[in-house]
Amino acid sequence: EGKTLRFAFQGTLNALDPYSLNETFTLGMLGNVYEGLTKRDKDLKIIPGLAESWETIDPLHWRFHLRKNVTFSNGDAFNADDVLFSAERVRADGSDLKTRIPADSEWKKVDDYTVDVTLKTPNPILFAEWDTWYIMDKEWAEKEGATKPVSAKDTNPGPAAYKANGTGPFTIESHEPGVKTVFKRRDGYWGEKLIDTNLDSVVFTPIASDSTRVAALLSGDVDLIEPVPVQDIDRVNKDPNTAALTGPELRAIFLNMNQIRDELPTSNVKGKNPFKDPNVRKAFYQAIDIEAIDKRVMRGLATPIPLLIAPQLYSAPDLKRWPYDPEAAKKLLTDAGYPDGFTVGMDCPNDRYVNDEQICQAVVSMLAKIGVKVNLNAQPKAKYFAKVLAPGGYDNDFSLLGWTPSSFDSWNVFVSLATCRDATGKGGPFNLGGYCNPKVDELAKQIVVETDVDKRNQMIHDAYKILLDDTSHIPLHQQSLAWGKRKNLDIVQRSDDQVLFYWAKLN
Amino acid sequence: MTATLSVRNLRVEIPTRHGVLTAIDDLSFDIAPGEVLGVVGESGAGKSITGSAIIGLLDPPGRIAGGEILLGGERIDNLAPPAMRRVRGKRIGMIFQDPLTSLNPLYRVGDQLTQTILTHEKMTARAALDKAERLLVEVGIPAAGARLSSYPHQFSGGMRQRVVIALALAADPELVVADEPTTALDVSVQAQVISLLKRLCKDRGASVMLITHDMGVIAETADRVCVLYAGRLAEIGKVRDVVKHPQHPYTHGLMTAIPSLKGDPDARLEQIPGSMPRLGAIPEGCAFNPRCGFRFERCRAERPAAYPTSRSEASCFLLDAAGAAPPPETAAAARAAGIEVRAGAPTGADA
Amino acid sequence: MLAFAIRRLIQAVGVMLVVALISFLLFRFVGDPVNQLVGVDTTPEQRAQLRQDLGLNDPVYAQFGRFVGKAARFDFGISYQIKQPVADLIASRLPATLELSLVSAVFALLVGLPMGVYTGLYPQTLLSRLFLALSLTGISLPTFLIGILLIFIFSVNLGWLPSFGRGEVVTIGGFWTTGLLTRSGLSSLILPAITLGLFQMTLIMRLVRGEMLEVLRTDYIKFARARGLSSRAINFGHALKNTLVPVITITGLQIGSIIAFSIITETVFQWPGMGLLFLQAVQNVDIPIMAAYLLLIAFLFTIINFIVDLLYVAVDPRIRIGGAGA
Amino acid sequence: MTDAIRVKEEQPGVLSRILRSDLFYSFRRSPITVISAAVTLVLILAALFAPWIAPHDPFDPASLDIMNSLLPPQWTADGQAGFLLGTDDQGRDVLSTILYGMRISLAVGFASVVLAMALGVTLGLIAGYVGGITDTIIMRVADVQLTFPAILTALLIDGVARALAGPQAYEEIVFFVLVLSIGLSFWVQYARTVRGSVLVEANKEYVLAARLIGLRSSAIMFRHVLPNVVGPVLVIATINLALAIITEATLSFLGVGVPPTQPSLGTLIRIGNDYLFSGEWWVTIFPGITLAILALAVNLLGDWLRDALNPKLR
Amino acid sequence: MSAAETRTARPAISPPDTAPLVEIEGLGRVFDLSKRWLNRVLDGSGKVMLTAVDGVSLSIERGGTYALVGESGSGKSTIAKMVVGLLPPTSGSVHIAGADIWAERGLARQRQLHRRIQMIFQDPYASLNPRWRVGSILAEPIKAFGLAADAAAREARVGELLSLVGLDPRDSAKFPHEFSGGQRQRIAIARALASEPEFIVCDEPTSALDVSVQAQVLNLLRDLQQRLGLTYLFISHNLAVVRHMATRVGVLYLGRLVEEAPARELFAAPKHPYTKMLLDAVPDIGMEGVERPSIAGEIPNPINPPSGCHFHPRCPHVMPQCRTVVPPSYAVGDAKVLCHLYDGTDHAGTARSAP
Ligand SMILES: Nc1ncnc2c1ncn2[C@@H]1O[C@H](COP(=O)(O)OP(=O)(O)OP(=O)(O)O)[C@@H](O)[C@H]1O
Ligand SMILES: Nc1ncnc2c1ncn2[C@@H]1O[C@H](COP(=O)(O)OP(=O)(O)OP(=O)(O)O)[C@@H](O)[C@H]1O
Ligand SMILES: [Mg+2]
Ligand SMILES: [Mg+2]
């Protein structure tokens, strides 16, 4: 006898095409329906998925053995053609997940259940992100006319935007973006032993308003909400029927300072860019009382971090935060030639990270104490990202960002956030501040091909050290996951924040 | 024979921010069966309020503060609302000044008529409709049957006032109170309506209280006239007497101030100085005394009662046979004006 | 009557064209739509091509003409954000909003009208004063606060009513979803409908009261009294009917703002209607949705106006028969 | 000379004329109105003098200490001296923030009402007095405007302004955007009312008399007609003021208002809204009460004014 | 203050004093009451024109009072407005002291002309701007026409005007609502006098007033006429008042001047059947208790007036040609009559049966 899980999230699930949007929540939800060649277990360890096993023939050649007797939810059998099709599709125009597999890799079908991949450069973490590269059914896509990813510029969206056909334990019964999505448990799932659920269906509803979402949980209208605003965790725990599920999240929150512009458009300093001076950056760093933010804004549900990565993924005893020291900060600022501070505009999302806007406000008032006047522009994430990632501009002087390396590996951090970029985005694509140190670029290049773990770790350490010394960014904290659930729900909370129904049980 | 309507010492008060105004003060008069009593007075004299008081529809906050009103010998001023409702329409019909606004624009004329008839008389809807049509015929509306289903705005002013008259007479009341029934009408139509009203009431034996400020209408229509000044009775008597031989100085002034189609057109109109006082500022003593050419001491100190003369009754000390005499010049002037000065005279000196 | 209908139609078309122009200008003003359409990695050449393909290089009037032509065929393009045809999105959200608006309008009328009549008839009683005070409080509290407080009390603390959403819906005729046929749908409707209708309810109540007070002072009411008609006949037959004319107009106008205010209510209650869609569109600068919503509102408004005018004609014979008499 | 002096002493002072007027009388007679007037006045003054009476300056980020955040009101167990009504999530003193926020709310309210009034009255006067095609055009524009209820207009203008101005500049113009949005959505009411009154007034004989003197239309419109139609305009203005303040709050709630660093009452409520369930009720309740009291008082004044100026209801 | 003083500023009048001051020639006014174009097309209805004034010609002697009488809607006010320049005529002309007030070009000339014509309105409550002090109301025309050198002179003049109409100069500080109806009408008269006109149109100046006050205002108007040599066009539906004021009377019926005669003659021997009926129908204080025949029928709809002589449906002497032919103006003694009875032939037993 099946049960229905009612789940509410703050954001909406838009297009169902698994290659349209590289975003944790969307990929997590689709992970209930689709599967990759690999999967991750409850502890995020990579386990075989649609590939039963794989081997490196040499550093440039990989072989994947596919699982047999797997069917898509429409009944089609899964085989090598589907993998090749997916590898093609994920790299096609309009895909947001192009980086999942190297653009220049070659894919070959050996037999129906064996696939060979040929690389141009060695890649020790080739399949690190393949748990979210979902395999699609070639026949289905061709029949539905969904062979191309649904992209922004499409004027008639493919059916993949509102239909799904995966190998996973759930299917999507109905999907109304922004209203409701109904997942149904399917028969004939190959991996019954990997999952543990008594759910028959899942009804997902977006509830944007924090208080409504919490109210919905407290009143029993939903069984699971994400996120619980940190301030409401107590309340949720106090209620006899509900509980908060918290745990570390792998996301690092940090501030970007634009060092690539010659002049900051939002600043009163003309003719030069104060952020080009490491002292100014360090002054900013030391002016921020991260403990206070974590205690007050985050209510203890955050861990200050010294690096741009969660400690669970990488830490080193000698890489520590610069201490909070407003006096020193003031002095650094004076030394840099700004005894009275200056003005700068700050961009901040207000619906993306936990209490993002409040963090920014706290930063504003802390910087005010060393004389820096920050004009805060807090905006919804859609606008925020459109602005700070604007093509050809990276329009931000000072901004807040969060990052989870999808491969859970530091290399992703460097290439995404810290390697040199030009204005058009060649280079570190999410390096909003445009920090550039050739040494870091060089290290990143080596890290990606280095297969010796110790050597690789040393190089990672060196790179982080440079970033810290340069004050390339201002790392703030690692935020926590906070889900709210009815007491009768058991669910696994993985620290990558994916909500996976196949580990949920309603009692 | 009891009077159809008998108003005894009526007093109407209106509480306002400036204190309690006395809109009608100690007013008494009778209307005999079948009689037409004209009530005249200048704007604000209290004519409409008298009418409203009689039918029990004083606008709040106005209230009857004293006196009594008797209809066919029964008191009606203290009836409970449901009982009073049965008097209204059934025993007293009312006609207001403006026929345009008196009729509900959203209802057919026939519906308004039958509704009124059925409220007061037990009969079938069919019969009521017949009666409605008869009424319209009576008030002289051509093609009455067809017009029953017309809306008020489809009638002309004169027609509408005829409909209003039909409505007022629908339940055959014994008294009709007509408050300026023709002021809103054209000169040539006025006469038609007035004579219609008069004829219909005569046919039914109904008494009429005709409120107007037009002395001409009164002169031609009424049997008796009651002149109000500042909420008080100035003079009451037969129309011919009051018009030709006014006894109250105010009435006298009024009659000479009205231009007439007779008489010398070039003669200067007599004018009464000043204007009627506002209710809040009615002078002590006789309300008219500041404007009166014949006033003497007593007028400022005391309020005159209505004193009978050979023709009419008037509230003026000149006529108080038992009162102190006015200065001789005043008395002489008054006599010259045709007022039967009796004050200071030992007995009736009116022979 | 025919002329009236035709004139209305012409006016409606005029209004719609103006609104279409505004919507169209939104497209133009808010920036290059190409930037909204394509990703980071699109080259300038591709952009230019896309611009050409979309006809953005044509003269403005040609573009406007095309926009109107498409809009007339309910083609509003694809949502930037959701990647679905805007027309489909709106169509799927329309029932929710209309149902909510309609129910709250009915609620506002059913409660506001009697309250207005009562306070108009008995302006001095304690109950009237209470109603008035309540109504003033009703328009002094922002809608969103009322909604939140209602959720707090009735969902969280008392647990009587659902806190969000539309509950279970039934699809009728293949396209119209309704919550009116299920228990959960009905109970979900209560709080949002009250939240949305409260303001209108107070408005109607105050309007009816004011009109009632005025009508009760008119000569024809006085004359009706003088004819001895019963209070019932006077108050409800004569007075109420005459207050209806202005009440109809204002209520008609208010339905337009009910739909607009549903934006807030839908946000608070996560009601899956057009308002929610629109608000998200505003936040995401999803112009096709904004433009379509505007046109739709204008369209609904025009229809409502038309119905109001027809009602007018039904209520007021002076209009029905034409000509203002003598 | 003596004449002039006599005239002067005869002429009662403005104050005494006001004190003797019917309006003032009906005002004095209604205790609720007196109270709401007093409350409105106090609130306006408090907002006006916020920098002098507020214990803290909540708009100065340097004075904030995040460690003071979410302190409960002073009289509760955990309250802290100096923060009478507690603090919000940024450590701003709620009392001071309310005072400052009220400044913004009132400023937006007043400015938008003035804008709507100026626009509506002028257009209404012109439409009513000039008539003809001008009238038709103005009233059709009003129809289109009516198609867009206030919230919608505001959202649209806000959206366009944001897109046009860019985020940093937007912050500087947000006040004007709000005023424009709210003002634009309210003008129709004035225009219609004024037009209606003008149609009545323009046929009154005093206007004909003015035309006989050969005055220009504009002089007649503004000097003769306008003063006679201000009554209903004032009533609408009062009621609109309350509505404008609430609309501003609502817009803030929808996220299109003033920035949270310089919150208005509405923004404060929106912020506080997030802390309702967690027990930090004071962040939202106090601004909410203030807003409600302000709107209620102004509404009561408007109500009174409407009844007092309506001769039919006297 | 004497009358002479108040007239010092008046410019010399050019034409010889014997010529009439006001000459109205063939004055007509048509109002377009058509439905909207679309309705007309759909209903197949034509344009709807209301002829409010139809070919009215009259002249007013200097210092005389010409009275226009007629029922509501007969076009009295429309004529008044066309004469003072508030409403353009559709046909005909209005000459004042020889100058055509509607043909005159040039703002200065026009204003100069308008200064000489003023108007007193019916409703004393509506004719004074309730928001203005009496002083400002009276000062406005003085300022507008530049009739006083400075503010002090203006103030003095205002005081003079107030005294002239029997009010206290101190009243200038008051507002209109502080006055009674009669006093307001005096203020309105003072305003009309402020521009030192020689011709005043009085449109029912006393019909809103009480009889006792009416006498005051009528007397005042007559006094002022004597003192200032004013000329009046006096409009009223009250025949008794007209008889009291007028030197010459015109009777209007549905926009046409059906009879025009010296006042005495008109009242003594009315010629037109309508005039007779009017005189019979009007209730008069001097005729108490007399039951009189009232006019049959109601005023016809001016939009669709009867053919021929407009009065024929109500006329007791109706003849066949009345229904078809518009009667021309016949001179009968000093009177002019628009009636076929006076076409020279003998209509036995009809007209001549009247006095
Ligand atoms: N509600 C009220 N408050 C104050 N005064 C009032 C009120 N109602 C009537 N009055 C006054 O009562 C007096 C008498 O009014 P009423 O209507 O009876 O006069 P009227 O003789 O009928 O005058 P008219 O000829 O103008 O109709 C007037 O002075 C009027 O101002
Ligand atoms: N502006 C206008 N538009 C249309 N018709 C008008 C206009 N002004 C006057 N009329 C019509 O012209 C006719 C004459 O009107 P006018 O006001 O001159 O009559 P009157 O004799 O002054 O009547 P009253 O005694 O009622 O003042 C009436 O039928 C009236 O309806
Ligand atoms: Mg009266
Ligand atoms: Mg007239």
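For the set B:S260, B:A257, B:S43, the count of heavy-atom pairs under 4.5 angstrom toward chain E peaks at B:S260. Ranked by heavy-atom pairs under 4.5 Å with chain B, the list E:V241, E:N301, E:N219 is led by E:N219. Considering only heavy-atom pairs separated by less than 4.5 Å from chain B, the leading option among E:A240, E:G181, E:A246 is E:A240. For the options B:V189, B:I194, B:D214, B:V217, heavy-atom pairs under 4.5 Å to chain E are most numerous at B:V217. By number of non-hydrogen pairs under 4.5 angstrom with chain B, the leading residue of E:M245, E:Q183, E:R264, E:H237 is E:R264.
Interface residue B:D266: backbone and side-chain heavy atoms are both found under 4.5 Å from chain E. Contacts between E:L239 and chain B at a heavy-atom distance below 4.5 Å involve backbone atoms as well as side-chain atoms. Interface residue B:M159: backbone and side-chain heavy atoms are both found under 4.5 Å from chain E.
Proximity of a side-chain donor or acceptor of B:R278 to a complementary backbone N or O of E:S180 within less than 3.5 Å is not detected.
The CD1 atom of B:I272 sits 8.0 Å away from the CD atom of E:Q216 when rounded to the nearest 0.5 Å. The structure places NE2 of E:H244 at 8.0 Å from CZ of B:R268, a figure rounded to the nearest 0.5 Å. Taking CD1 of B:I258 as the start and CG of E:N238 as the end, the distance is 10.0 Å to the nearest 0.5 Å.
Of all the heavy atoms in B:L261 and E:R243, the pair that sits closest is O-CZ, 3.1 Å. Pairing each heavy atom of B:E42 with each of E:D210, the nearest pair is OE1-CB, 2.8 Å.
Side-chain contact between B:P259 and E:Q214: present, with at least one pair of heavy atoms (C-beta onward) separated by less than 4.5 Å.
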